[in-house]
Amino acid sequence: MAFIVRQSGRLVGTFNNYLQPAHIGKRCISTSKKNDETAVVTEKIPSHKATQNSHDVNTTAAATAAKKWMSYGFHPTDQYEDVASAHVFSFLGVTLCMVLGSLVYYYGPDRTLKDWAQREAYLLVREREANGLPLLDPNYVEESKIVLPSEEELGDFEIII
Amino acid sequence: MLMLKFGLCCLGMMFLLKEWLLLISVLTILTFFCLTFMMNFDLGVINLIQLDFLTYLLVSLSLWVTALMIVMSFYIKHSKNYFEVFTSLSLAMLFFLVVSFSTSNLLMFYIMFESTLIPIFLMVMGWGYQPERVSASFYLLFYTLTASLPLLMGILYINSQQFSTDFSSLVVPNSDYLLFWMLIIAFLVKLPVYLGHLWLPKAHVEAPVAGSMILAGVLLKLGGYGLIRFLPFVENSLSEFSVLLVSIGCIGGVLASIICMRQTDCKSLVAYSSIAHMALVVVGISLNSFISVAGAVIIMIAHGFCSSGLFSLVGMIYDRVSTRSIILIRGIVSVGPSMTLWWFLFSISNMAAPPTPSLMGEIYIFMSSLNWAGVLAVFVGTLSFFAGAYNLYLFVSTQHGTNLSGCKSFTEVSVREHFVLISHMLPFLLFLVLLTNIYS
């Protein structure tokens with residue numbers, strides 16, 4: 001038992017650098033002196049304007065991003081309108097029309113009755129096989145039901161076969 | 001009622017002309033509702049609406065291409081070049097197109113068919129780039145007007161004979177050759193078929209990007225749509241003239257493909273490729289079999305996306321280097337590789353590479369044409385070969401090689417442009433499965 005505890009402690013120590021993010025506990029934010037003065041933690045409120053003496057990483061990043069803004073192509077100067085347009089078009093064009101549209105089309109009700117027609121065809125095939133009838137009659141309509149007009153009724157009507 | 005609601009919606013959108021973000025949002029939402037909830041195909045004898053699958057596809061295509069053409073036209077907005085007038089013309093064109101695809105009344109169809117000429121004429125004249133746009137817009141207007149006057153006379157004759165101008169109540173007459181040509185010639189020029197094609201390259205070259213997109217994407221399909229609607233009515237005469245129409249389609253398509261190889265203007269090359277594709281549509285419709293008409297419809301829809309995307313790509317190049325010359329635009333792969341990807345995808349789609357719907361349409365037409373006459377194998381094979389040839393020529397000339405000194409400064413493709421191109425390519429591929437339902 002003691003052996004296990006000792007070995008696990010060594011393993012944890014070995015993997016400590018990999019398990020924990022490197023920056024935790026490694027950066028001092030207080031500027032306290034070691035002698036009599038009490039430690040004062042100065043909170044740096046992030047501002048949009050980068051100052052020469054600012055050491056806050058977030059402030060620097062925000063200022064850099066503001067300076068390096070590249071238009072998405074929707075507006076050359078107004079960042080807000082440009083970003084808003086990009087978001088709107090991405091949502092409506094891609095998410096709504098392409099993704100949701102495909103979803104509704106594929107999983108929506110069978111409006112054109114295509115699936116119904118296939119099911120009906122299978123049922124009819126089964127019925128015709130059971131009754132010994134041919135699967136597909138070469139005559140679309142029964143011959144006895146066809147009533148052709150007489151020659152007098154046709155007159156000079158053109159018949160093209 | 002649906003048409004009335006759509007008309008009111010379009011009028012309402014006129015007030016959003018200044019709020020282009022809201023306008024395009026409304027257009028995309030309309031497309032979503034059209035795609036998902038317009039599948040009820042009702043016989044609307046009373047309210048002039050008669051929908052079937054072809055109407056559903058073309059109305060969806062019209063809405064989508066209109067939205068994308070407005071997104072591509074932001075340079076008009078930023079240069080304060082009467083963007084509100086431009087968007088109002090686009091909306092008017094959308095209204096005329098949707099009504100013409102949805103109506104079951106012949107006269108209403110004719111009025112809307114002619115009305116689409118006005119916005120495109122004004123777009124080419126008002127927002128085109130060069131002084132030649134004046135003659136190009138007149139070519140566009142007078143070719144179509146002249147060819148469609150017999151169509152009006154034919155419709156009025158039908159009305160006098162049958163006392164109705166509704167598609168559903170038409171009775172097939174005996175062979176009437178004059179009536180056949182009166183009804184068909186307008187759509188052949190609109191498509192355009194080879195002998196009546198001279199207006200198309202001029203109009204495309206001089207039109208702004210958005211004008212080319214809507215012209216190639218939807219307006220040419222009006223011709224195919226009219227042929228499909230009117231030909232069942234004159235089927236008896238079609239058997240007399242199908243040889244002539246198929247011959248004009250095949251030989252004209254081959255000639256247009258060969259002319260493509262000689263072009264030095266990118267837009268002109270894509271315009272002639274449209275003529276070659278529409279020649280296949282004419283062949284498919286003239287063969288009058290189920291598979292050939294299905295193939296013609298599939299090619300129309302596929303070409304709508306593909307050609308519109310190619311014109312937007314040419315427009316993007318023109319924005320950066322101010323030229324459309326194939327000789328001057330070279331080496332884009334070294335300065336704009338993301339654009340090369342899109343050029344490649346659209347070029348292979350235009351040459352009907354798998355898994356695009358273009359291939360499916362061409363296979364259907366090849367099958368039916370070979371079944372009709374074996375000698376057509378030579379023509380459709382040559383057409384297909386040259387389709388690959390001119391698309392490869394366009395891609396290799398513009399993308400490969402050493403770019404010229406004038407093209408060194410080349411802005412990367414923006415998110416907006418990527419969005420436009422994705423919105424062409426993704427629905428184009430997704431429509432593949434939708435188009436397999438063409439038999440329903």
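Residue numbers start from 1 in every chain, and the chains themselves are labelled A, B, ... in the order their sequence lines are given, proteins ahead of strands.
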Where the side chain of B:Trp342 meets the backbone of B:Gly309, is there a donor-acceptor pair that is under 3.5 Å apart?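 Looks like no, no N/O pair under 3.5 Å.
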
Report the C-alpha distance between B:Trp372 and B:Val243 in whole Å, list the side-chain angles of each, state the deciding distance to 0.1 Å, and finish with yes or no for side chain to side chain contact (heavy atoms under 4.5 Å, CB included). CA-CA 10 Å; B:Trp372 191 77; B:Val243 176; 4.0 Å; yes

Give a yes or no on this: more than 12 heavy atoms of other residues, nucleotides or ligands lie within 6.0 Å of atom CG of A:Leu136.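 Not more than 12 within 6.0 Å, no.
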
Any chance CZ of B:Phe32 has more than 12 other-residue heavy atoms, nucleotides or ligands included, within less than 6.0 Å?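 More than 12 heavy atoms, drawn from other residues, nucleotides or ligands, come within 6.0 Å of this atom.
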
Checking A:Tyr106 against chain B: side chain, backbone, both or neither under 4.5 Å from a heavy atom?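 Interface part for A:Tyr106: side chain.
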
A:Ser85, part contacting chain B, at a heavy-atom distance under 4.5 Å: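 When you check distances to chain B, atoms from both the backbone and side chain of A:Ser85 fall under 4.5 Å.
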
Select one option (side chain, backbone, both, neither) describing which atoms of B:Ser25 are under 4.5 Å from chain A's heavy atoms. both

What is the minimum heavy-atom distance between B:Val65 and B:Ser308, and which atoms define it? CG1-OG, 4.1 Å

Pairs of heavy atoms under 4.5 Å with chain A: top-ranked of B:Arg416, B:Lys77, B:Glu235: B:Arg416

For chain B, the option from A:Leu100, A:Leu96, A:Val104 that forms the most heavy-atom pairs under 4.5 Å: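 Max contact count across the listed options: A:Leu96.
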
